[in-house]
Amino acid sequence: MLQSINLGVMLLDSDCRVVFWNDFMAIHSGKDSEAVLGRLLFELFPELPQRWIQKKIDGVFALQNLAFTSWQQRPHLFNFSGSRPVTGQAELMYQNCTFSPVMEAAGCVKYVCLTISDTSEVATQQLELEHLNRLLQAEKSEQARLIRKLEDAQAQLLQSEKMAAIGQLAAGVAHEINNPVGYVYSNFSSLEGYVADLFKLIEAYRAAAAEQPDGAFHARLEQANQALEYDYLRDDMADLVRESRQGLERVKQIVQDLRDFSHIDSGDWQMVDLHKGLDSTLNVIWNEIKFKAEVVKNYAELPLVQCLGSQLNQVFMNLLINAAHAIDRQGYIWLETGVRDDWVFVRVRDDGSGIAPEHLTRLFEPFFTTKPVGQGTGLGLSVSYSIVAKHHGRLEVASELGKGTTFTVWLPQRQPEKDAKSA
Ligand SMILES: Nc1ncnc2c1ncn2[C@@H]1O[C@H](COP(=O)(O)OP(=O)(O)OP(=O)(O)O)[C@@H](O)[C@H]1O
Ligand SMILES: [Mg+2]
């Protein structure tokens, strides 16, 4: 039975000499019994890890315990070729080995029986499964990454649509106000002229009345003048008209800024004066900034830039509001523009809280915010980044904690032909 069993079986004495050797061993090692009996194991198989096996065998002699090694730990202890090559090529046999004591008398080990079982089939199947599993895992994490990317893209899209909708609303309101303000303003100019004429007329009546000899007539006139406070009314009227005209001019300016800010008349690529966009944006968000910061402008001579004006204004708006938010009490925001070769830049610098170095790399991630819930969604910079990227530009940041932050938007003056048409 031992000879013909489908397991390698050999007996070793305490010197590691072979005293028994079955057919399985003979077939797979190519050495038959006669050639190996009485010879040292490590002479027959110089490839064996001698120290490791010796330790196992010594352990079995000393402790009379079974020792075991599986194919996962030592896949090919003996250099036997596999009985079932999966790929058609001869492969090394995977083996489980057992070192068991063969007792001579109770408590006395005479031999160590080494059995070797061929686990190639199980091993190759398991290895194949592990390989497939790894592939699946990789695919799964790739899918998770794509889903995250998709979610981010969707969030950005929503935010930019929201901002575009606000822009359109502003532009719509501005457009509606523009008409009535237009005719109130023009009527007002006429009214101003008429009022001046009316006063001239009254003065003429007064002068004519002064030439009348009738005292009672004078007294009646004077009484009416005093009762109606004519002198005060005449002076105040001039002030009222002047102030109202200033008010109207401001309304007109705000309406114009709203229109410029949202660029409703130009949904596509246009040659834009960035300073106009910056100024109108500043005016629109002035309420958020004026109590926090003094804005210092340092504008260079800029060429017209081919861009999507309303979208760039969203970028400027977010950078300016971020700067204002970073200022705790009272500070400065420097707004600088300039030209380098074919590029223009718009720089927003503040002397606010600055950004911690570990946050710098995460700024442009969607939903990254350090602001309390309800104050920031963390989408401003990620949307700004995409808008600048759409313009083939760059958005750079430099910051020092406690000192302040500088954001620089770099834009090429012209867009590549096909992009400018398709957008
Ligand atoms: N000028 C700045 N100074 C200091 N920190 C800044 C500045 N600009 C941005 N940050 C930091 O970057 C974070 C992300 O900015 P981002 O504009 O993307 O989102 P948010 O301002 O928090 O929210 P949202 O703009 O969506 O309302 C901010 O929460 C803030 O911590
Ligand atoms: Mg922001």
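When a ligand or atom number is given, it counts from 1 through the structure's own listing order.
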Inset, instruction - Hey, could you give me the NE2/CZ distance between His392 and Arg414, rounded to the nearest 0.5 Å? - result: 15.0 Å

Inset, instruction - Using a cut-off of 2.8 Å, find all protein N, O or S atoms closer to the Mg ion (ligand 2) than that distance. - result: Asn318 OD1, Asn322 OD1

Inset, instruction - For Gln137 and Asn133, test the side chains for any donor-to-acceptor distance below 3.5 angstrom and give the result as yes or no. - result: no

Inset, instruction - Using distance alone, determine whether Ser353 and ligand 1 share an N or O pair under 3.5 Å. - result: no

Legend entry - Salt bridge Asp239-Arg242, side-chain N to carboxylate O under 4.0 Å: yes

Legend entry - Arg234 with Asp231: basic N within carboxylate O range, under 4.0 Å: yes

Inset, instruction - Run down the list Val348, Asp350, Leu319, Thr370 and name the one with the heavy atom closest to atom 31 (O) of ligand 1. - result: Thr370

Legend entry - Distance-only N or O hit between ligand 1 and Gly376, under 3.5 Å: no

Inset, instruction - Please work out whether any backbone atom (N, CA, C, O) or any side-chain heavy atom from C-beta onward of Leu381 is under 4.0 Å from ligand 1, and answer side chain, backbone, both or neither. - result: both

Inset, instruction - Give a yes or no on whether a salt bridge exists between Arg148 and Glu151, defined as a side-chain N under 4.0 angstrom from a carboxylate O. - result: no

Inset, instruction - Tell me yes or no: between the side chains of Asn313 and Lys276, is some donor less than 3.5 Å from an acceptor? - result: no

Legend entry - Main-chain N/O of Leu308 paired to His391 side chain as donor or acceptor, under 3.5 Å: yes

Inset, instruction - Identify, by atom number and element, the atoms of ligand 1 in contact range of Leu363, meaning under 4.0 Å from any of its heavy atoms. - result: 11 (C), 12 (O)

Legend entry - Gly378 near ligand 1 by a heavy-atom separation under 4.0 Å: yes

Inset, instruction - Output, in order, the C-alpha distance, side-chain angles, deciding distance and verdict of side-chain contact (heavy atoms from CB on, under 4.5 Å) for Ile53 and Phe45. - result: CA-CA 12 Å; Ile53 290 199; Phe45 300 102; over 6 Å; no

Check residues 183-190 and write down every donor-acceptor pair under 3.5 Å in which the side-chain atom is one partner and the other belongs to a residue at least two apart or another chain.
| from | atom 1 | to | atom 2 | distance (Å) |
| --- | --- | --- | --- | --- |
| Tyr185 | OH | Arg245 | NH1 | 3.4 |
| Tyr185 | OH | Glu249 | OE2 | 2.8 |
| Ser189 | OG | Tyr185 | O | 3.3 |
| Ser190 | OG | Ser186 | O | 3.4 |

Legend entry - ligand 1 atoms in contact with Phe368 (distance to a heavy atom under 4.0 Å): 13 (C), 14 (C)

Inset, instruction - Have a look at ligand 1 and work out which part of Ile321, if any, has a heavy atom under 4.0 Å from it: side chain, backbone, both or neither. - result: neither

Legend entry - Any N/O pair Ala326/ligand 1 closer than 3.5 Å: no

Inset, instruction - Have a look at ligand 1 and work out which part of Phe407, if any, has a heavy atom under 4.0 Å from it: side chain, backbone, both or neither. - result: side chain

Legend entry - Approximate separation, where rounding is to 0.5 Å, of Glu130 CD and Gln72 CD: 7.5 Å

Legend entry - Phe78 backbone acceptor or donor facing Gln95 side chain under 3.5 Å: yes

Inset, instruction - Mind checking whether Thr369 contacts ligand 1 via backbone (N, CA, C, O), side chain (CB onward), both or neither, at a 4.0 Å heavy-atom cut-off? - result: both

Inset, instruction - Quick one: look at Asn318 and ligand 1, take heavy-atom pairs under 4.0 Å, and tell me if it's side chain, backbone, both or neither. - result: side chain

Inset, instruction - For ring pair (Phe, Tyr, Trp, His ring centres under 6.0 Å), just list the numbers for Tyr332 and Trp334, CA-CA rounded to whole Å, side-chain angles, deciding distance to a tenth of an Å, and then say yes or no. - result: CA-CA 6 Å; Tyr332 284 94; Trp334 292 271; 5.6 Å; yes

